[in-house]
Amino acid sequence: MENFIFNIPTRAYFGKGQIENLASGIKEFGGSRVLLAYGGGSIKSNGIYQAVIDQLNGAGIFYVELSGIKPNPPIEDVYEGIRLMKENHLDFIVAVGGGSALDAAKAMAAGAKYDGDVFDLISSKVAVSDAAPLATVLTMAGTGSEMDMGGVITVGENHKKYAILHPLLNPKFSILDPEYTYTVPEHHTMAGCSDILSHLMEQYLRPDVGVDVPDRMNEGVMKAVLDNAPKLRHNPNNYNARANIMWASSMALAGFQFMMGKQFGAFPVHSLGHELSSLNDMTHGITLALITPAWMRFTLISAPQYTSMFARFARNVFGVIETNDAKAALVGIEELESFYQSIGMPSRMRDAGVEKSQLEYLAEKATEFGDIGTMSPINKAQALEIYTMAW
Ligand code: NZQ
Ligand code: ZN
């Protein structure tokens, strides 16, 4: 087990009506002039916007709005937020939405305290050294941005996704009201569940050994996602199912895995999936469902020394009773594919609109900054192999 420091610097206000803590939280963390950042309008039609501004107005907090942050947020939206922050001398950000609004706000928080181009920070050319405080009001479960230190920003003509990462970007607090997710359409709800599961699997299926506590916690959260996601297909207003999925989202990337004895490292399925989002503007969680089974089969072949880990995943998460490790591992992958089908994820990249002629380009882009593997190296040729298996 690796050494670790356990510290989750984001306070969670979880449950119905927790929006009532927004204004006092802003003041507690020193905010007086707020950038209110949100997406394309869902919060206006479902009443969340009104609840937020009632809080701000009720406490006499000055705010400037930035609306229209796009999914897979482009750096241009970040520039606009930084401009508003600097021109209006704003000292706090409230981001309302899913991962895209939250991630963009994190980059704005860092960029508002930096004199150069925020791309320097997004591309890790310059380390983040200061950031405006921010809070989030989560409206869609999935990315874990509400409790983590990362933000994913899309840059340039190729729509390359970069992760800006720093503990200063952890929200000071997050309002997590499961009722705010009732209006998320089924497609995005299920893509969010796929994203949560992927965060857990990418941390569970790693070469680290002897980390039983986080691994056992992880298995439990994965099972909670498997149990609760299908319930939302039948009843999107099932409060307990929404609550369990929301808390699973927050726990998956809050640090229980990589801070507690695991190395913080690459997420190969995410790296491969980001290229699909970049090329086809595909929803993040869908890209992960498409690639995960292929990545698993590839890893079992190229790194057979980890077969027992995949077998443990199959047995402890999906209840597979096969005693032979190699067989159990394969049954586990089949069970995962059945789960994806049960929540409406497409099973092949070709069914999701990807052309076979695009695979080489995807492999090139996914590995342009070097190998992305964890248990076994993934260079361009191996990335192409995985994409081809998933196609
Ligand atoms: O823009 P609005 O109108 O709000 O609509 C959004 C958007 O169209 C809608 N939506 C959100 N809450 C809603 C709602 N519709 C109805 N009712 C509600 N309550 O859902 C659509 C998708 O929203 P978005 O924020 O894009 O989705 P998600 O939360 O999946 O975020 C995806 C982004 O997060 C990044 C992804 O790469 C992607 O860019 N990620 C961030 C991570 C992080 N910060 O740690 C980790 C993840 O692995 C991921 O990479
Ligand atoms: Zn993700």
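What you are looking at is a predicted structure, and each value in this text was computed from that prediction instead of being measured. We count ligands from 1, going down the list as the structure has it; atoms in each ligand are counted the same way.
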Side chains of Y180 and N46: donor-acceptor distance under 3.5 Å anywhere? no
Which is it for T143 and ligand 1 at heavy atoms under 4.0 Å: side chain, backbone, both or neither? both
Can you find an N/O atom of G40 closer than 3.5 Å to an N/O atom of ligand 1? yes
Calculate the angle formed at the Zn ion (ligand 2) by NE2 in H270 and NE2 in H284; 10° precision is enough. 100°
For ligand 1, is any non-hydrogen atom under 4.0 Å from Y180's backbone (N, CA, C, O), its side chain (CB onward), both, or neither? backbone
Going by a strict under-4.0 Å cutoff (protein heavy atoms only), does atom 6 (C) of ligand 1 have a neighbour on the protein? no
Would you say ligand 1 has an N or O under 3.5 Å from any N or O of G99? yes
Is the terminal nitrogen or CZ of R33 (NZ for Lys, CZ for Arg) located under 6.0 angstrom from the six-membered ring centre of F62 and within 45° of that ring's axis? yes
Tell me whether the rings of F173 and Y13 are parallel (<30°), tilted (30 to 60°) or perpendicular (>60°). perpendicular
Determine whether the side chain, the backbone, both or neither of D103 has a heavy atom under 4.0 Å from any heavy atom of ligand 1. side chain
Looking only at protein heavy atoms, which one is nearest to atom 26 (O) of ligand 1, and what is the separation? S100 OG, 2.6 Å
If you measure from each non-hydrogen atom of N46 to ligand 1, which part falls under 4.0 Å: side chain, backbone, both or neither? side chain
Is it the case that ligand 1 has an N or O less than 3.5 angstrom from some N or O of G144? no
Residue and atom name of the nearest protein heavy atom (relative to atom 8 (O) of ligand 1), distance in Å to one decimal: P71 CG, 4.0 Å
Ligand 1-proximal atoms of H274, by part, heavy-atom distance under 4.0 Å: side chain
Knowing that exactly one of V317, L226, L197 qualifies, which makes a side chain to side chain contact (heavy atoms under 4.5 Å, CB included) with L336? L197
Could you check atom 30 (O) of ligand 1 against the protein and tell me its nearest heavy-atom contact, residue, atom and distance included? M140 CE, 3.4 Å
